[in-house]
2 protein chains.
Amino acid sequence: MERLLESIKITVNDKLYIKDPESSDLGKRIIEHSILMINDMGFENFTFRKLGAEIKSNESSVYRYFESKQKLLLYLTSWYWGWLEYRLVFATNGIPDPEPKLAKAIEIVTQTTVKDWVFAHINEELLNKIVINEFSKSYLTKEVDTKNKEGYFSIYKRLITRISEMIKAVDNHYGYPLSLASTILEGSLHQHFLKEHFSSLTDCHKDEQPTKYFTDLVFNRLNNQPNV
Amino acid sequence: MERLLESIKITVNDKLYIKDPESSDLGKRIIEHSILMINDMGFENFTFRKLGAEIKSNESSVYRYFESKQKLLLYLTSWYWGWLEYRLVFATNGIPDPEPKLAKAIEIVTQTTVKDWVFAHINEELLNKIVINEFSKSYLTKEVDTKNKEGYFSIYKRLITRISEMIKAVDNHYGYPLSLASTILEGSLHQHFLKEHFSSLTDCHKDEQPTKYFTDLVFNRLNNQPNV
DNA sequence: AATTATTAATAGTGTTACTATTATATTTGC
DNA sequence: GCAAATATAATAGTAACACTATTAATAATT
(Lines give C-alpha, C1' and ligand atoms only; values in the text may rest on other atoms or scores of the structure.)
Protein backbone atom coordinates (compact mmCIF):
# COMPACT_ATOMS: atom_id res chain seq x y z
CA MET A 1 0.00 0.00 0.00
CA GLU A 2 2.83 2.38 0.74
CA ARG A 3 3.94 2.67 -2.87
CA LEU A 4 0.48 3.40 -4.13
CA LEU A 5 -0.32 6.04 -1.61
CA GLU A 6 2.78 8.06 -2.15
CA SER A 7 1.01 10.00 -4.83
CA ILE A 8 -2.34 10.04 -3.11
CA LYS A 9 -3.61 12.96 -1.12
CA ILE A 10 -6.67 12.69 1.06
CA THR A 11 -8.69 15.79 0.32
CA VAL A 12 -11.14 17.29 2.74
CA ASN A 13 -13.61 20.15 2.34
CA ASP A 14 -11.43 23.20 1.72
CA LYS A 15 -13.63 25.41 3.84
CA LEU A 16 -12.29 23.53 6.84
CA TYR A 17 -8.99 25.37 6.65
CA ILE A 18 -7.80 28.87 5.82
CA LYS A 19 -4.48 27.74 4.46
CA ASP A 20 -3.93 24.13 3.44
CA PRO A 21 -1.80 22.58 6.19
CA GLU A 22 -0.37 20.14 3.67
CA SER A 23 1.17 23.06 1.79
CA SER A 24 3.89 23.95 4.28
CA ASP A 25 6.16 22.57 6.90
CA LEU A 26 4.46 24.56 9.65
CA GLY A 27 1.10 23.26 8.49
CA LYS A 28 2.27 19.68 8.74
CA ARG A 29 3.69 20.29 12.19
CA ILE A 30 0.32 21.71 13.21
CA ILE A 31 -1.40 18.52 12.07
CA GLU A 32 1.21 16.20 13.51
CA HIS A 33 1.28 17.77 16.95
CA SER A 34 -2.41 18.50 17.22
CA ILE A 35 -2.97 14.76 16.80
CA LEU A 36 -0.43 13.97 19.51
CA MET A 37 -1.73 16.62 21.87
CA ILE A 38 -5.47 16.02 21.44
CA ASN A 39 -4.84 12.36 22.00
CA ASP A 40 -2.83 13.12 25.13
CA MET A 41 -4.91 15.79 26.82
CA GLY A 42 -8.30 15.49 25.16
CA PHE A 43 -9.96 18.05 22.90
CA GLU A 44 -11.28 20.20 25.78
CA ASN A 45 -7.86 20.75 27.32
CA PHE A 46 -6.14 21.27 24.00
CA THR A 47 -5.59 24.91 23.01
CA PHE A 48 -3.91 26.67 20.09
CA ARG A 49 -1.67 28.43 22.57
CA LYS A 50 -0.37 25.13 23.90
CA LEU A 51 0.00 23.84 20.35
CA GLY A 52 1.99 26.91 19.37
CA ALA A 53 4.34 26.43 22.29
CA GLU A 54 4.77 22.75 21.49
CA ILE A 55 5.76 23.31 17.88
CA LYS A 56 7.89 26.33 18.79
CA SER A 57 5.63 28.59 16.88
CA ASN A 58 2.85 30.93 17.84
CA GLU A 59 -0.85 30.77 18.61
CA SER A 60 -1.58 33.38 15.95
CA SER A 61 0.30 31.39 13.34
CA VAL A 62 -1.98 28.42 13.98
CA TYR A 63 -4.94 30.71 13.34
CA ARG A 64 -3.54 31.35 9.87
CA TYR A 65 -4.31 27.74 9.09
CA PHE A 66 -7.48 27.03 11.05
CA GLU A 67 -10.05 29.58 12.01
CA SER A 68 -11.08 27.61 15.10
CA LYS A 69 -10.37 24.61 17.25
CA GLN A 70 -13.64 23.07 16.09
CA LYS A 71 -12.62 23.29 12.45
CA LEU A 72 -9.28 21.70 13.19
CA LEU A 73 -11.12 18.78 14.79
CA LEU A 74 -13.42 18.56 11.78
CA TYR A 75 -10.38 18.64 9.51
CA LEU A 76 -8.73 15.77 11.40
CA THR A 77 -11.84 13.61 11.57
CA SER A 78 -12.71 14.30 7.92
CA TRP A 79 -9.22 13.29 6.98
CA TYR A 80 -9.64 10.10 8.95
CA TRP A 81 -12.93 9.22 7.26
CA GLY A 82 -11.39 10.01 3.88
CA TRP A 83 -8.50 7.74 4.58
CA LEU A 84 -10.85 4.99 5.80
CA GLU A 85 -12.99 5.40 2.71
CA TYR A 86 -9.93 5.07 0.53
CA ARG A 87 -8.89 1.88 2.28
CA LEU A 88 -12.44 0.56 2.06
CA VAL A 89 -12.73 1.12 -1.66
CA PHE A 90 -9.25 -0.18 -2.29
CA ALA A 91 -9.81 -3.37 -0.32
CA THR A 92 -13.27 -4.20 -1.63
CA ASN A 93 -13.09 -3.13 -5.26
CA GLY A 94 -11.75 -6.40 -6.54
CA ILE A 95 -14.27 -8.56 -4.70
CA PRO A 96 -17.16 -9.56 -6.99
CA ASP A 97 -19.43 -11.41 -4.53
CA PRO A 98 -21.55 -9.18 -2.26
CA GLU A 99 -21.08 -11.27 0.90
CA PRO A 100 -17.28 -11.34 1.13
CA LYS A 101 -17.28 -7.76 -0.09
CA LEU A 102 -19.46 -6.62 2.80
CA ALA A 103 -17.48 -8.79 5.19
CA LYS A 104 -14.28 -7.05 4.13
CA ALA A 105 -15.93 -3.66 4.47
CA ILE A 106 -17.06 -4.42 8.02
CA GLU A 107 -13.56 -5.60 8.83
CA ILE A 108 -11.99 -2.39 7.56
CA VAL A 109 -14.30 0.02 9.33
CA THR A 110 -14.59 -1.77 12.66
CA GLN A 111 -11.00 -2.74 13.35
CA THR A 112 -8.67 -0.40 15.14
CA THR A 113 -6.09 1.06 12.92
CA VAL A 114 -2.72 -0.50 12.69
CA LYS A 115 0.30 1.69 12.43
CA ASP A 116 0.57 2.62 8.81
CA TRP A 117 2.66 5.78 8.71
CA VAL A 118 1.89 6.19 5.06
CA PHE A 119 1.69 9.91 5.60
CA ALA A 120 4.79 10.89 7.48
CA HIS A 121 3.23 13.51 9.71
CA ILE A 122 -0.03 11.69 10.44
CA ASN A 123 -0.17 8.99 13.05
CA GLU A 124 -3.24 7.09 11.88
CA GLU A 125 -3.34 4.95 14.99
CA LEU A 126 -3.66 7.96 17.28
CA LEU A 127 -6.05 9.60 14.86
CA ASN A 128 -8.28 6.56 15.17
CA LYS A 129 -8.26 7.02 18.94
CA ILE A 130 -9.15 10.67 18.52
CA VAL A 131 -12.09 9.72 16.32
CA ILE A 132 -13.29 7.25 18.97
CA ASN A 133 -13.06 9.86 21.74
CA GLU A 134 -13.89 13.12 20.01
CA PHE A 135 -15.79 12.64 16.76
CA SER A 136 -19.24 12.72 18.35
CA LYS A 137 -18.48 16.14 19.78
CA SER A 138 -18.11 17.53 16.28
CA TYR A 139 -21.76 16.90 15.46
CA LEU A 140 -23.43 16.97 18.88
CA THR A 141 -23.75 20.74 18.78
CA LYS A 142 -26.42 23.30 18.08
CA GLU A 143 -24.58 24.24 14.87
CA VAL A 144 -24.79 20.76 13.38
CA ASP A 145 -27.30 21.66 10.66
CA THR A 146 -25.29 24.60 9.32
CA LYS A 147 -22.08 22.59 9.46
CA ASN A 148 -23.81 19.81 7.63
CA LYS A 149 -25.07 22.22 4.96
CA GLU A 150 -21.54 23.53 4.51
CA GLY A 151 -20.52 19.98 3.66
CA TYR A 152 -18.27 19.30 6.62
CA PHE A 153 -19.59 15.78 7.07
CA SER A 154 -19.78 14.76 3.42
CA ILE A 155 -17.01 12.16 3.50
CA TYR A 156 -18.51 10.50 6.56
CA LYS A 157 -21.90 10.45 4.89
CA ARG A 158 -20.47 9.01 1.67
CA LEU A 159 -18.80 6.28 3.66
CA ILE A 160 -22.08 5.28 5.29
CA THR A 161 -23.83 5.37 1.94
CA ARG A 162 -21.20 3.04 0.48
CA ILE A 163 -21.66 0.54 3.29
CA SER A 164 -25.43 0.70 2.96
CA GLU A 165 -25.07 -0.04 -0.77
CA MET A 166 -23.04 -3.12 0.05
CA ILE A 167 -25.73 -4.19 2.51
CA LYS A 168 -28.37 -3.78 -0.17
CA ALA A 169 -26.26 -5.83 -2.56
CA VAL A 170 -26.40 -8.71 -0.08
CA ASP A 171 -30.08 -8.33 0.66
CA ASN A 172 -32.05 -5.74 -1.20
CA HIS A 173 -35.22 -6.55 0.68
CA TYR A 174 -33.79 -5.52 4.01
CA GLY A 175 -35.61 -2.48 5.30
CA TYR A 176 -32.86 -0.70 7.23
CA PRO A 177 -29.65 -0.63 5.19
CA LEU A 178 -28.77 2.95 6.17
CA SER A 179 -29.54 2.47 9.84
CA LEU A 180 -27.50 -0.71 9.87
CA ALA A 181 -24.57 0.98 8.14
CA SER A 182 -24.63 3.89 10.59
CA THR A 183 -24.94 1.47 13.49
CA ILE A 184 -21.86 -0.42 12.33
CA LEU A 185 -19.74 2.73 12.12
CA GLU A 186 -20.91 4.51 15.23
CA GLY A 187 -21.44 1.32 17.18
CA SER A 188 -17.94 0.18 16.47
CA LEU A 189 -16.46 3.42 17.79
CA HIS A 190 -18.64 2.96 20.84
CA GLN A 191 -17.57 -0.64 21.46
CA HIS A 192 -13.93 0.38 21.23
CA PHE A 193 -14.61 3.12 23.76
CA LEU A 194 -16.37 0.71 26.13
CA LYS A 195 -13.48 -1.72 25.76
CA GLU A 196 -11.17 0.97 27.16
CA HIS A 197 -13.35 2.55 29.83
CA PHE A 198 -16.42 0.43 30.58
CA SER A 199 -15.30 -3.13 30.09
CA SER A 200 -18.29 -4.39 32.07
CA LEU A 201 -20.59 -3.08 29.35
CA THR A 202 -19.16 -4.95 26.42
CA ASP A 203 -18.06 -8.42 25.40
CA CYS A 204 -15.31 -6.94 23.28
CA HIS A 205 -12.06 -7.07 25.18
CA LYS A 206 -9.67 -7.44 22.30
CA ASP A 207 -9.14 -5.23 19.29
CA GLU A 208 -10.61 -7.65 16.77
CA GLN A 209 -13.80 -8.43 18.69
CA PRO A 210 -15.95 -5.53 17.48
CA THR A 211 -15.33 -6.84 13.97
CA LYS A 212 -16.53 -10.30 14.95
CA TYR A 213 -19.52 -8.95 16.84
CA PHE A 214 -20.75 -6.80 13.97
CA THR A 215 -19.99 -9.38 11.29
CA ASP A 216 -22.01 -11.94 13.21
CA LEU A 217 -24.87 -9.52 13.78
CA VAL A 218 -25.07 -8.22 10.23
CA PHE A 219 -24.83 -11.53 8.42
CA ASN A 220 -27.27 -13.26 10.68
CA ARG A 221 -29.81 -10.60 9.92
CA LEU A 222 -29.21 -10.47 6.20
CA ASN A 223 -29.21 -14.23 5.62
CA ASN A 224 -32.49 -14.37 7.42
CA GLN A 225 -35.15 -12.66 5.41
CA PRO A 226 -38.21 -12.16 7.71
CA ASN A 227 -38.27 -8.53 6.75
CA VAL A 228 -40.73 -5.77 7.46
CA MET B 1 -48.69 5.06 36.40
CA GLU B 2 -49.28 8.48 37.90
CA ARG B 3 -50.76 7.15 41.13
CA LEU B 4 -47.97 4.74 41.73
CA LEU B 5 -45.19 7.20 41.12
CA GLU B 6 -46.49 9.82 43.44
CA SER B 7 -44.58 8.26 46.25
CA ILE B 8 -41.58 7.29 44.17
CA LYS B 9 -38.41 9.30 44.04
CA ILE B 10 -35.73 8.61 41.49
CA THR B 11 -32.48 8.65 43.40
CA VAL B 12 -29.14 9.39 41.84
CA ASN B 13 -25.64 9.23 43.27
CA ASP B 14 -25.60 11.84 46.02
CA LYS B 15 -22.09 12.96 45.17
CA LEU B 16 -23.57 14.50 42.05
CA TYR B 17 -25.04 17.38 44.02
CA ILE B 18 -24.02 19.49 47.01
CA LYS B 19 -27.55 20.07 48.17
CA ASP B 20 -30.39 17.86 46.97
CA PRO B 21 -32.32 19.91 44.40
CA GLU B 22 -35.46 17.97 45.27
CA SER B 23 -35.31 19.38 48.79
CA SER B 24 -36.28 22.95 48.00
CA ASP B 25 -38.26 25.11 45.69
CA LEU B 26 -35.14 26.78 44.33
CA GLY B 27 -33.61 23.37 43.68
CA LYS B 28 -36.63 22.29 41.67
CA ARG B 29 -36.54 25.48 39.67
CA ILE B 30 -32.87 24.84 38.93
CA ILE B 31 -33.74 21.42 37.56
CA GLU B 32 -36.81 22.57 35.69
CA HIS B 33 -35.13 25.48 33.95
CA SER B 34 -31.81 23.82 33.31
CA ILE B 35 -33.73 21.20 31.31
CA LEU B 36 -35.53 23.88 29.33
CA MET B 37 -32.39 25.92 28.76
CA ILE B 38 -29.99 23.10 27.88
CA ASN B 39 -32.58 21.82 25.45
CA ASP B 40 -32.92 25.29 23.92
CA MET B 41 -29.34 26.48 23.69
CA GLY B 42 -27.30 23.30 24.04
CA PHE B 43 -25.00 22.37 26.88
CA GLU B 44 -22.05 24.43 25.62
CA ASN B 45 -23.98 27.68 25.54
CA PHE B 46 -25.75 27.04 28.81
CA THR B 47 -24.20 28.75 31.85
CA PHE B 48 -25.09 29.01 35.53
CA ARG B 49 -25.15 32.77 35.15
CA LYS B 50 -27.83 32.55 32.48
CA LEU B 51 -29.73 30.00 34.56
CA GLY B 52 -29.60 32.29 37.59
CA ALA B 53 -31.02 35.15 35.58
CA GLU B 54 -33.77 32.95 34.16
CA ILE B 55 -34.99 31.73 37.52
CA LYS B 56 -34.60 35.17 39.07
CA SER B 57 -31.93 33.91 41.34
CA ASN B 58 -28.18 34.08 41.32
CA GLU B 59 -25.30 32.22 39.77
CA SER B 60 -23.75 31.63 43.20
CA SER B 61 -26.98 30.13 44.49
CA VAL B 62 -26.88 27.55 41.74
CA TYR B 63 -23.38 26.63 42.87
CA ARG B 64 -24.84 25.81 46.27
CA TYR B 65 -26.62 22.91 44.61
CA PHE B 66 -24.19 21.77 41.94
CA GLU B 67 -20.47 22.17 42.09
CA SER B 68 -20.17 22.29 38.30
CA LYS B 69 -22.02 22.36 35.03
CA GLN B 70 -20.71 18.88 34.28
CA LYS B 71 -22.20 17.48 37.48
CA LEU B 72 -25.54 19.05 36.75
CA LEU B 73 -25.52 17.31 33.36
CA LEU B 74 -24.59 14.04 35.05
CA TYR B 75 -27.37 14.57 37.54
CA LEU B 76 -29.93 15.12 34.79
CA THR B 77 -28.81 12.18 32.67
CA SER B 78 -28.56 9.88 35.71
CA TRP B 79 -32.05 10.87 36.66
CA TYR B 80 -33.21 10.05 33.16
CA TRP B 81 -31.60 6.61 33.20
CA GLY B 82 -33.05 5.97 36.63
CA TRP B 83 -36.48 6.89 35.41
CA LEU B 84 -36.07 4.69 32.31
CA GLU B 85 -34.88 1.82 34.48
CA TYR B 86 -37.92 2.19 36.67
CA ARG B 87 -40.24 2.12 33.67
CA LEU B 88 -38.37 -0.86 32.26
CA VAL B 89 -38.66 -2.93 35.42
CA PHE B 90 -42.24 -1.90 35.94
CA ALA B 91 -43.28 -2.80 32.40
CA THR B 92 -41.42 -6.10 32.14
CA ASN B 93 -41.74 -7.56 35.62
CA GLY B 94 -45.03 -9.28 35.00
CA ILE B 95 -43.98 -10.88 31.72
CA PRO B 96 -42.89 -14.49 32.24
CA ASP B 97 -41.70 -15.42 28.73
CA PRO B 98 -38.24 -14.14 27.80
CA GLU B 99 -39.12 -13.13 24.23
CA PRO B 100 -42.02 -10.77 24.89
CA LYS B 101 -40.15 -9.53 27.93
CA LEU B 102 -37.13 -8.53 25.85
CA ALA B 103 -39.41 -7.11 23.18
CA LYS B 104 -41.06 -4.88 25.75
CA ALA B 105 -37.67 -3.83 27.11
CA ILE B 106 -36.46 -2.83 23.65
CA GLU B 107 -39.66 -0.89 23.13
CA ILE B 108 -39.21 1.04 26.36
CA VAL B 109 -35.60 2.01 25.86
CA THR B 110 -35.69 2.82 22.16
CA GLN B 111 -38.86 4.85 21.88
CA THR B 112 -38.83 8.58 22.40
CA THR B 113 -40.42 9.63 25.57
CA VAL B 114 -44.00 10.71 25.61
CA LYS B 115 -45.05 13.53 27.83
CA ASP B 116 -45.55 12.05 31.23
CA TRP B 117 -45.29 14.95 33.65
CA VAL B 118 -45.27 12.57 36.53
CA PHE B 119 -42.75 14.78 38.25
CA ALA B 120 -44.12 18.28 38.08
CA HIS B 121 -40.84 20.09 37.53
CA ILE B 122 -39.28 17.58 35.14
CA ASN B 123 -40.21 17.55 31.50
CA GLU B 124 -39.26 13.99 30.58
CA GLU B 125 -39.76 14.60 26.88
CA LEU B 126 -37.17 17.37 26.80
CA LEU B 127 -34.90 15.41 29.08
CA ASN B 128 -34.95 12.61 26.54
CA LYS B 129 -33.83 15.08 23.90
CA ILE B 130 -31.05 16.28 26.16
CA VAL B 131 -29.87 12.72 26.64
CA ILE B 132 -29.82 12.21 22.86
CA ASN B 133 -27.80 15.37 22.29
CA GLU B 134 -25.60 15.63 25.36
CA PHE B 135 -25.17 12.34 27.17
CA SER B 136 -22.13 11.25 25.17
CA LYS B 137 -20.32 14.39 26.25
CA SER B 138 -20.58 13.31 29.87
CA TYR B 139 -18.34 10.29 29.30
CA LEU B 140 -16.24 11.34 26.30
CA THR B 141 -13.75 13.14 28.52
CA LYS B 142 -10.34 12.50 29.96
CA GLU B 143 -11.91 12.24 33.43
CA VAL B 144 -14.18 9.34 32.49
CA ASP B 145 -12.33 6.74 34.55
CA THR B 146 -12.42 8.74 37.78
CA LYS B 147 -16.05 9.67 37.21
CA ASN B 148 -16.81 6.04 36.63
CA LYS B 149 -15.02 5.02 39.81
CA GLU B 150 -17.04 7.58 41.75
CA GLY B 151 -20.14 5.77 40.54
CA TYR B 152 -21.61 8.50 38.38
CA PHE B 153 -22.61 6.05 35.66
CA SER B 154 -23.89 3.24 37.84
CA ILE B 155 -27.56 3.54 36.90
CA TYR B 156 -26.71 3.53 33.21
CA LYS B 157 -24.53 0.50 33.72
CA ARG B 158 -27.20 -1.32 35.68
CA LEU B 159 -29.68 -0.63 32.92
CA ILE B 160 -27.40 -2.17 30.32
CA THR B 161 -26.77 -5.15 32.58
CA ARG B 162 -30.52 -5.68 32.93
CA ILE B 163 -31.02 -5.68 29.19
CA SER B 164 -28.12 -8.05 28.66
CA GLU B 165 -29.69 -10.42 31.22
CA MET B 166 -32.89 -10.38 29.23
CA ILE B 167 -30.93 -11.14 26.08
CA LYS B 168 -29.27 -14.09 27.79
CA ALA B 169 -32.68 -15.33 28.92
CA VAL B 170 -33.73 -15.50 25.29
CA ASP B 171 -30.52 -17.08 24.07
CA ASN B 172 -27.88 -17.96 26.60
CA HIS B 173 -25.50 -19.19 23.93
CA TYR B 174 -25.23 -15.83 22.27
CA GLY B 175 -21.70 -14.52 22.66
CA TYR B 176 -22.30 -10.76 22.83
CA PRO B 177 -25.18 -9.98 25.18
CA LEU B 178 -23.46 -6.95 26.74
CA SER B 179 -22.34 -5.51 23.43
CA LEU B 180 -25.79 -6.00 22.00
CA ALA B 181 -27.41 -4.33 25.00
CA SER B 182 -25.07 -1.35 24.80
CA THR B 183 -25.62 -1.15 21.05
CA ILE B 184 -29.38 -0.99 21.54
CA LEU B 185 -29.16 1.84 24.05
CA GLU B 186 -26.48 3.95 22.42
CA GLY B 187 -27.54 3.04 18.90
CA SER B 188 -31.08 4.09 19.58
CA LEU B 189 -29.97 7.52 20.80
CA HIS B 190 -27.87 7.75 17.65
CA GLN B 191 -30.72 6.81 15.31
CA HIS B 192 -32.94 9.43 16.92
CA PHE B 193 -30.21 11.99 16.41
CA LEU B 194 -29.76 11.01 12.76
CA LYS B 195 -33.51 11.21 12.28
CA GLU B 196 -33.35 14.89 13.29
CA HIS B 197 -30.13 15.99 11.65
CA PHE B 198 -28.86 13.44 9.12
CA SER B 199 -31.97 11.90 7.67
CA SER B 200 -29.99 10.58 4.69
CA LEU B 201 -28.05 8.31 7.07
CA THR B 202 -30.97 6.43 8.56
CA ASP B 203 -34.12 4.61 7.57
CA CYS B 204 -35.81 5.83 10.72
CA HIS B 205 -37.95 8.84 9.91
CA LYS B 206 -40.65 8.39 12.47
CA ASP B 207 -40.42 8.13 16.23
CA GLU B 208 -41.31 4.46 16.42
CA GLN B 209 -38.93 3.23 13.75
CA PRO B 210 -35.81 2.80 15.90
CA THR B 211 -37.85 0.39 18.00
CA LYS B 212 -38.80 -1.62 14.93
CA TYR B 213 -35.27 -1.56 13.56
CA PHE B 214 -33.69 -2.83 16.79
CA THR B 215 -36.44 -5.34 17.52
CA ASP B 216 -35.99 -6.83 14.07
CA LEU B 217 -32.21 -6.88 14.39
CA VAL B 218 -32.08 -8.40 17.86
CA PHE B 219 -34.68 -11.11 17.38
CA ASN B 220 -33.33 -12.16 14.05
CA ARG B 221 -29.96 -12.69 15.62
CA LEU B 222 -31.19 -14.47 18.73
CA ASN B 223 -33.56 -16.84 16.97
CA ASN B 224 -30.71 -17.84 14.76
CA GLN B 225 -28.10 -19.70 16.72
CA PRO B 226 -24.94 -19.90 14.54
CA ASN B 227 -22.95 -18.53 17.41
CA VAL B 228 -19.23 -18.06 17.91
C1' DA C 1 18.32 44.68 -3.66
C1' DA C 2 13.53 45.24 -3.49
C1' DT C 3 9.11 43.21 -3.12
C1' DT C 4 6.09 40.04 -1.27
C1' DA C 5 4.47 36.35 1.54
C1' DT C 6 4.93 33.88 5.74
C1' DT C 7 5.65 33.48 10.44
C1' DA C 8 6.38 35.23 15.21
C1' DA C 9 5.56 38.30 19.07
C1' DT C 10 2.80 41.02 21.82
C1' DA C 11 -1.16 42.73 23.58
C1' DG C 12 -5.86 42.90 24.03
C1' DT C 13 -11.23 41.60 24.06
C1' DG C 14 -15.10 39.46 25.75
C1' DT C 15 -16.62 35.35 27.83
C1' DT C 16 -16.39 31.42 30.61
C1' DA C 17 -16.32 28.38 34.91
C1' DC C 18 -15.88 28.96 39.26
C1' DT C 19 -14.66 31.22 44.13
C1' DA C 20 -14.83 34.39 47.99
C1' DT C 21 -17.11 37.58 50.71
C1' DT C 22 -20.69 39.99 52.49
C1' DA C 23 -25.57 41.21 52.86
C1' DT C 24 -30.28 39.99 53.15
C1' DA C 25 -34.10 37.06 53.51
C1' DT C 26 -36.44 32.94 55.38
C1' DT C 27 -37.13 29.24 58.39
C1' DT C 28 -36.78 27.02 62.83
C1' DG C 29 -36.40 26.19 67.87
C1' DC C 30 -37.77 27.73 71.94
C1' DG D 1 -42.42 36.47 69.07
C1' DC D 2 -37.68 36.64 68.69
C1' DA D 3 -32.99 35.05 68.32
C1' DA D 4 -30.21 31.73 65.98
C1' DA D 5 -29.42 29.08 62.20
C1' DT D 6 -29.79 28.47 57.52
C1' DA D 7 -30.77 29.63 52.65
C1' DT D 8 -30.42 32.84 49.17
C1' DA D 9 -28.82 36.99 46.72
C1' DA D 10 -25.50 40.48 45.29
C1' DT D 11 -21.12 41.87 44.11
C1' DA D 12 -16.63 41.42 42.80
C1' DG D 13 -12.90 38.94 41.40
C1' DT D 14 -9.61 35.15 39.22
C1' DA D 15 -7.48 32.42 35.85
C1' DA D 16 -8.13 30.46 31.62
C1' DC D 17 -10.07 30.33 27.15
C1' DA D 18 -11.18 31.31 22.09
C1' DC D 19 -10.12 34.43 19.18
C1' DT D 20 -8.51 39.26 16.97
C1' DA D 21 -5.53 43.08 15.75
C1' DT D 22 -1.26 44.98 14.99
C1' DT D 23 3.34 45.15 14.30
C1' DA D 24 7.97 43.03 13.79
C1' DA D 25 11.03 39.69 11.98
C1' DT D 26 12.22 36.34 8.70
C1' DA D 27 12.25 33.79 4.33
C1' DA D 28 11.21 33.26 -0.60
C1' DT D 29 10.72 35.23 -4.99
C1' DT D 30 11.59 38.56 -8.54
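Only a predicted model underlies this, so the values are computations on that prediction, with no experimental measurement involved. Just so it is clear: chains get the letters A, B, ... in the order the sequence lines come, proteins before strands, and each one is counted from 1.
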> Does Tyr65(A) make a side-chain N or O approach to OP1 or OP2 of dT7(C) shorter than 4.0 Å?
yes

> So does Glu67(A) reach the base of dC19(D) with its side chain, donor to acceptor, closer than 3.5 Å?
no

> Examine the side chains of Gln191(B) and Ser182(A) and answer whether a donor and an acceptor come within less than 3.5 Å of each other.
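A pair is found: one side chain offers a donor N or O, the other an acceptor, under 3.5 Å apart.
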
> Could you tell me whether the side chains of Gln111(A) and Thr211(A) share a donor-acceptor contact shorter than 3.5 Å?
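Thr211(A) and Gln111(A) do not have a side-chain donor-acceptor pair below 3.5 Å.
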
> Between Ile18(A) (CD1) and dA21(D) (P), how many Å, whole number?
12 Å

> Between the base of dA18(D) and the side chain of Thr47(A), is there a donor-acceptor distance below 3.5 Å?
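Counting by modelled atom types and ignoring angles, no donor-acceptor contact under 3.5 Å is found here.
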
> Please determine, for the side chain of Ser57(B), which listed nucleotide (dA17(C), dA9(D), dT7(C)) has the closest atom?
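The answer is dA9(D), which lies nearest to the side chain.
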
> Could you pick out which residue, Ile55(A) or Arg49(A), lies toward the 5' side of DNA chain C when each is mapped onto its nearest nucleotide?
Ile55(A)

> Students often get this wrong, so: under 4.0 angstrom with heavy atoms, is Phe66(A) touching a base, only sugar-phosphate, or nothing?
nothing

> For the pair Tyr156(B) and Trp81(B), name the ring-plane relationship: parallel under 30°, tilted 30 to 60°, perpendicular over 60°.
tilted

> Looking just at side-chain N and O atoms, do Lys147(B) and Gln70(B) make a donor-acceptor pair shorter than 3.5 Å?
yes

> Are OP1 or OP2 of dT7(C) and a side-chain N or O of Lys19(A) less than 4.0 angstrom apart?
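So the side-chain polar atoms of Lys19(A) do come within 4.0 Å of the phosphate oxygens OP1 or OP2 of dT7(C), strictly under.
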
> What integer distance in Å separates Asn45(B):CG from dT16(C):P?
8 Å

> Rounding to a whole Å, what distance do you find between Glu54(A):CD and dA8(C):C1'?
17 Å

> Where each residue is assigned the nucleotide of DNA chain D containing its nearest heavy atom, which of Phe48(A) and Asn58(A) is assigned the position nearer the 5′ end?
Phe48(A)

> Is it the case that Asn148(B) and Lys157(B) place a side-chain donor and acceptor less than 3.5 Å from each other?
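Their side chains do contain a donor-acceptor pair, which is all the 3.5 Å distance test asks for.
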
> In this structure, how many angstroms lie between the P atom of dA9(C) and the NZ atom of Lys56(A), rounded?
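That distance rounds to 12 Å.
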
> Can you tell me how far P of dT21(C) sits from OH of Tyr63(B), to the nearest Å?
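Rounded to whole Å, this separation is 17 Å.
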
> In whole angstrom, give the distance that lies between atom CZ of Arg64(A) and atom C1' of dT20(D).
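Spelled out: CZ on Arg64(A) to C1' on dT20(D) is 11 Å.
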
> Between atom CZ in Arg29(B) and atom P in dA7(D), what is the gap in whole Å?
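One finds 16 Å between P of dA7(D) and CZ of Arg29(B), rounded.
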
> Hey, which of these two, Glu59(B) or Lys50(A), hits DNA chain D nearer its 5' end, going by closest nucleotide?
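Closest to the 5' end, via its nearest nucleotide, is Glu59(B).
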
> Would you classify Ser60(A) as touching base, sugar-phosphate or nothing, given that sugar-phosphate means primed atoms plus P, OP1 and OP2, and contacts are heavy atoms under 4.0 Å?
base

> Using atom CG of Leu51(A) as one end and atom P of dT7(C) as the other, report the distance to the nearest whole Å.
14 Å

> Does Ser24(B) make a side-chain donor-acceptor contact with the base of dA7(D), cut-off 3.5 Å?
no

